[in-house]
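What you see is a predicted model; the values in this text were computed from it and never measured. Hydrogens, waters and symmetry mates play no part in the numbers below; they use all other heavy atoms, side chains included.
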Amino acid sequence: MAFSKLLEQAGGMGLFQTLQVLTFILPCLVIPSQMLLENFSAAVPGHRCWTHLLDNGSAVPANMTLKALLTISIPPGPNWEPHQCRRFRQPQWQLLDPNATATSWNEADTEPCVDGWVYDRSVFTSTIVAKWDLVCSSQGLKPLSQSIFMSGILVGSFIWGLVSYRFGRKPMLSWCCLQLAVAGTSTIFAPTFVIYCGLRFVAAFGMAGIFLSSLTLMVEWTMTSRRAATMTVVGCAFSAGQAALGGLAFALRDWRTLQLAASVPFFAISLISWWLPESARWLIIKGKPDQALQELRKVARINGHKEAKNLTIEVLMSSMEEEAASAKEPRSVLDLFCMPVLRWRSCAMLVVKMTADGILHSVGRLGAMMGPLILMSRQALPLLPPLLYGVISIASSLVVLFFLPETRGLPLPDTIQDLESQKSTAAQGNRQEAVTVESTSL
């Protein structure tokens, strides 16, 4: 909480915070394209088996229509359309007889698509499904690729939370943008589906770092009273990015072009992010007050705040004395669960708050990673996915409603000590209120 006072001396909310939000809007507009990309790049086009009569130009009889060729080459599927995964071993000429029935052939006359598939390219000219034949017996690989992508965010959320506390938020943001740009662009050159999934994992790993570092930098450089409005603006940008992806996919029907459009902007974002200052709070905690003072004065200068001269090392250290001392105490991830005040407040911020944030993102990504795998169970248990999604959502809302405390109008705690003080103050206030009510009743 002490850092808020220093931020007020640097101009509070001003031009710097506006420019910072505009900078973070850029990745928020593009990140949804990466997360939801496979809704379009992995779309399943209409398909059927490749057959000699239909697809070998020299073997097609000149006096036969396409419908007739389909009839003798491809058996009907469950919906009486041409089967997507089987073909006749030999042309079934008897099916051209108007009196032919379903008993005119049997399953033994068919075989899998041993020569590959022919895809409908009227909607998408190319998708990863068509490139690597992720249909029929290989259809389970399609949701698996999305789960691998989400697992990259899961692992990255945990790892980057630890790395950012050690090396800082700003370099992590720039590096992760570059990593996402390189890995995302490289996927279009992937020779196999395995390499494609590996590159998507690396891209998702970097995306997790962008989430964490941008969120933390924004919170740490924004006054408590304006954080809600700031996060709302960023959330709207994220939603706008989701909406824009539909139009982008409508214009770019090839998965490689769409992948490039969602990846190349991060090269520019990586360069733009270098103007952002490092977190002054983190610099103080890591014992770098001189650099922290430079960053605060830089922010004050951008904000046009002339009283920044009052910011000195002495003022800095006296204001952040408690937080700096708290940082020297050994803390670990287990503090989130071992300390009573934190046990039921998984969203509480502490000195290692990026680690905490990383864990929360990891749990969220674990659910996102399991989502496509749960959908794979539809073939055996059609009701299982909607039941799981519904029950888990209702249970989660009840947990939030009954176990998380209200935080509206309260300053964000920076350390465990702040959190304990906030709890004791609330308890004292409740006791005083009880005494007042009792005396009034008497």
Side-chain angles (χ1 to χ4, degrees), residues 24 26-39 41-42 128 141-218 238 241 245 255 258-274 333 352-373:
F24 288 134
L26 296 177
C28 287
L29 287 172
V30 189
I31 280 180
S33 297
Q34 285 287 336
M35 296 188 66
L36 305 176
L37 189 68
E38 289 192 0
N39 287 333
S41 65
I128 65 169
L141 295 177
K142 176 182 175 292
L144 181 62
S145 69
Q146 184 67 12
S147 292
I148 291 174
F149 177 81
M150 289 301 176
S151 69
I153 302 181
L154 168 67
V155 176
S157 296
F158 184 77
I159 298 298
W160 288 121
L162 299 173
V163 171
S164 68
Y165 184 69
R166 183 175 181 85
F167 298 106
R169 287 71 156 122
K170 176 183 173 179
M172 188 181 87
L173 175 61
S174 300
W175 170 261
C176 288
C177 287
L178 182 61
Q179 177 177 321
L180 176 55
V182 173
T185 302
S186 299
T187 56
I188 68 172
F189 304 108
T192 65
F193 181 68
V194 173
I195 294 177
Y196 168 84
C197 290
L199 289 171
R200 288 283 285 168
F201 179 91
V202 174
F205 190 89
M207 185 187 300
I210 298 174
F211 275 129
L212 292 172
S213 56
S214 59
L215 176 63
T216 304
L217 279 173
M218 186 177 302
F238 195 88
L245 175 61
W255 77 270
L258 186 61
Q259 182 74 48
L260 281 176
S263 302
V264 170
F266 283 99
F267 284 109
I269 295 172
S270 177
L271 296 176
I272 294 172
S273 66
W274 276 105
V333 175
V352 290
K353 69 177 186 171
M354 279 290 280
T355 304
D357 206 16
I359 292 174
L360 297 175
H361 276 276
S362 297
V363 175
R365 292 314 117 198
L366 179 62
M369 182 181 72
M370 294 299 296
L373 299 180

Asker: So, taking the atom named CD1 in I272 and the one named CG in L26, what distance separates them when rounded to the nearest 0.5 Å?
Answerer: 5.5 Å

Asker: Determine the minimum heavy-atom distance between F267 and T185, stating which atoms define it.
Answerer: CE1-OG1, 3.7 Å

Asker: Return the CG to CZ distance between L199 and F205, rounded to the nearest 0.5 Å.
Answerer: 14.5 Å

Asker: For S145 versus C197, what's the shortest heavy-atom pair and its separation?
Answerer: CB-SG, 3.7 Å

Asker: What distance do W160 atom CH2 and M207 atom CE have between them, rounded to the nearest 0.5 Å?
Answerer: 13.5 Å

Asker: Within the structure provided, determine whether C177 and L173 are in side-chain contact (heavy-atom separation under 4.5 Å).
Answerer: yes

Asker: Under 3.5 Å, is there a donor-acceptor pair between the S41 and Q259 side chains?
Answerer: no

Asker: Where is the tightest heavy-atom contact between I148 and S151, given as atom of each residue plus distance?
Answerer: O-OG, 2.5 Å

Asker: Has the side chain of T216 got a donor or acceptor atom that lies under 3.5 Å from a matching backbone atom of S213?
Answerer: no

Asker: Between S157 (side chain) and I153 (backbone), is there a donor-acceptor pair under 3.5 Å?
Answerer: yes

Asker: If you take all heavy atoms of S164 and G161, which pair is closest and at what distance?
Answerer: OG-O, 3.1 Å

Asker: CD1 of I269 to SG of C176: how many Å apart, nearest 0.5 Å?
Answerer: 12.5 Å

Asker: I'd like to know if the side chain of S174 pairs up with that of S273 as donor and acceptor (distance under 3.5 Å, no hydrogens or angles considered).
Answerer: yes

Asker: Kindly give the heavy-atom pair with the smallest separation between F149 and Q34, and that separation in Å.
Answerer: CZ-O, 3.7 Å

Asker: Is there a side-chain contact between F24 and L215 in this structure, where contact means two heavy atoms from C-beta onward sitting under 4.5 Å apart?
Answerer: no

Asker: If you define the side chain from C-beta out and look only at heavy atoms, does anything of V155 sit under 4.5 Å from F201?
Answerer: yes

Asker: Just how far is it from atom CG of N39 to atom CD of Q146, taken to the nearest 0.5 Å?
Answerer: 7.0 Å

Asker: So, for W255 and T187, which heavy atoms are closest and what is the spacing to 0.1 Å?
Answerer: CH2-O, 3.6 Å

Asker: Could you state the interatomic distance from CZ (F238) to CE (M35), rounded to the nearest 0.5 Å?
Answerer: 5.0 Å

